[in-house]
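Every number for a ligand or one of its atoms is a count from 1 in the order of the listing. Since we're looking at a predicted model, the values are computed, not measured.
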Amino acid sequence: MKVSEMLIPTLRETPAEAEIVSHKLLLRAGYIRKTASGIYTYLPLGIRVIKKIMNIIREEMDRQGGQEMLMPIIQPAELWHESGRWDVYGPELMRLKDRHNRDFCLGPTHEEVITTLVRSEINSYKQLPQLLYHIGNKYRDERRPRFGLMRGREFIMKDLYSFDRDEEGLDKSYQKMYQAYTNVFNRCGVTFRPVEADSGAIGGSTTHEFMVLADSGEATILYCDSCDYAANVEKVSVPAAGLDPTFEKLELQEVATPGAHTVEQVTEYLNVDQHQIIKTLIYKTDKEIVAALVRGDRELNEIKLYNALNCLTLDLANAKTVEKVSGAPVGYAGPVNLKEDIRIIVDPEVAGMVNGVTGANKGDAHFINVNPERDFKIDLIEDIRMVAAGEKCPSCEGVLQEARGIEVGQIFKLGDKYSKQLKANYLDEGGKENPIIMGCYGIGVGRTMAATVEQNHDDNGIIWPVSIAPYHAVVVPISTKDENQVKLADNIYGKLLENNIETVIDDRKERPGVKFKDADLIGYPVRIVVGKKAVEESMVEIHNRNTGETINVSTEEVISTVQKLLFAK
Ligand code: 9G3
């Protein structure tokens, strides 16, 4: 197409609301526009990238035997009542009513729809396994939509669901999807890593996240420097060091610590190490208030605590609650002599501590020589801490390293969680009824686009991997007044098209500098410049966006050179 006739509204200024580089560049380069908070329109260039990613996904799903369908966005509340999830999700689930006052929601995911479909359509082992997927819009009313396509309230997802007769079948389906996801992200040209993750609220056991590695990523990954181990930091668990029996348990003692209430202040005042401190955090769940104890030099892992408590909501308690349960100002809570009898959840490192230090539940005072079990009640010992880089790998003798990632896909083994609840059963050879064993597998399509930009850009703009670039090449005539240049440029443009190279011609009446700036910003992998030399010497300039290299080639060699640049392995 001619750029003069296209809607590619590039911006010189960086939009103020954009916090991360992909959001900035996708707005500036004319790929997306905000329609409402967390809701975006894909402009012509944007939808071309989206369609390319979708097609790679389709090919890889189909290669594994996936069958595409299209499920509705609007879902009846009955399905969600049946699964028990209508009341589990609060305002994040976007609800609406029809003219008869019947309840519906905008689908945030499609487990309910597909499981009830399969319940109606599948009854025999002969119909299993099945891999069914669709690509469509999803809706989640995020508290804080941010980062453009990264965390929208409306987003495009590919979701596939596997249906097997048993765990063995599920393992196979899961392996297929693991391979398909690996192929998808390799073909999209991103550097990524599959990591073990926490299955959290969705239940089930095994799950992997596919992370595009980028410093702006919200997720922290720990990986081993000497084996294959890699996991989301939320999931990483390492065994606590054993108790040192040589330590003598000293007598519990209250000491004054005027003004000292942070871990740093207390360690300084009492001249002890951070790892000797017992940090007491008061949390409020939907059911109860609890105290959670971790070592002073550790951070609490809320996902682990959430799993340990089996609750629906989990938040740090406010100052008023802390003062009420501890009987002391904030900063002085501790497990010894807590004013209120709440459950105390203890990290194994704290449980094994000898002569620890903790708040005395009164202002300006701490206990020293605190020995768990002897000095306070333990309701539950559970790993509830964050593991950090530098600690030992849980599966070999290596050391854990840290990286940041953007989650672009996640695969789950669900087991019978949904099929039991929604009564999706099959009859086996013996006529016995069993629940269908399920898995679910998601890819964020818009998020993959944004993550690719996070990872592939420079100061001038986007550097698309060829496989998902909106166009392969742009032809730029230097002077639109020079008839010969225009003719030659047109001619090259036509030949590129004939050779299935997706090309645009920048025929706008703009200075060459403007066109080059736009070309870099938009991120066409190849730029072909037709100037004076083209007319006089039949030579054109070919610029490689990725390497930054420019070469001069004769007009006859344009096609073969561009093909080599784009498609050579
Ligand atoms: C909801 C709302 C938000 C949600 C869910 C339901 C996340 C919900 C988990 C999943 C799991 C998988 C299929 C593809 C792969 C991921 N946020 N999840 O179930 F009602 Cl408001 O969506 N689904």
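The number of heavy-atom neighbours closer than 6.0 Å to CD of Glu391, taken from other residues, nucleotides and ligands shown, is above 12. More than 12 non-hydrogen atoms from other residues, nucleotides or ligands lie less than 6.0 angstrom from CD of Glu429. Other residues, nucleotides and ligands place no more than 12 heavy atoms under 6.0 Å from the CG atom of Asp215. Other residues, nucleotides and ligands place no more than 12 heavy atoms under 6.0 Å from the NZ atom of Lys320. Heavy atoms of other residues, nucleotides or ligands lying less than 6.0 angstrom from NZ of Lys287 number more than 12.
Between the side chains of Arg153 and Tyr40, no donor-acceptor pair is found at a separation under 3.5 Å. Judged purely by distance below 3.5 Å, without hydrogens or angles, the side chains of Gln421 and Ser83 never pair a donor atom with an acceptor atom.
Close approach of ligand 1 to Glu92 (heavy-atom distance below 4.0 Å) involves ligand atoms 3 (C), 21 (Cl). Atoms of ligand 1 found under 4.0 Å from any heavy atom of Trp80, numbered from 1 in the order shown, are 20 (F). Near Arg85, meaning under 4.0 Å from any of its heavy atoms, are these atoms of ligand 1: 6 (C), 8 (C), 19 (O). Those atoms of ligand 1 that come under 4.0 Å of a heavy atom in Gly442, given as number and element, are 14 (C), 15 (C). Per-residue contacts place Cys440 under 4.0 angstrom from the following atoms of ligand 1 (heavy atoms of the residue considered): 12 (C).
The part of Thr109 lying near ligand 1 is the side chain, judged by heavy-atom distances below 4.0 Å. No part of His110 comes within 4.0 Å of ligand 1, judged by heavy-atom distances. Proximity of Tyr161 to ligand 1, defined as any heavy-atom pair under 4.0 Å, is confined to the side chain (atoms from C-beta onward).
At a 3.5 angstrom cut-off on N or O pairs, Gln410 does not count as close to ligand 1.
Comparing Met157, Lys138, Arg140 against atom 10 (C) of ligand 1, the shortest heavy-atom distance belongs to Arg140.
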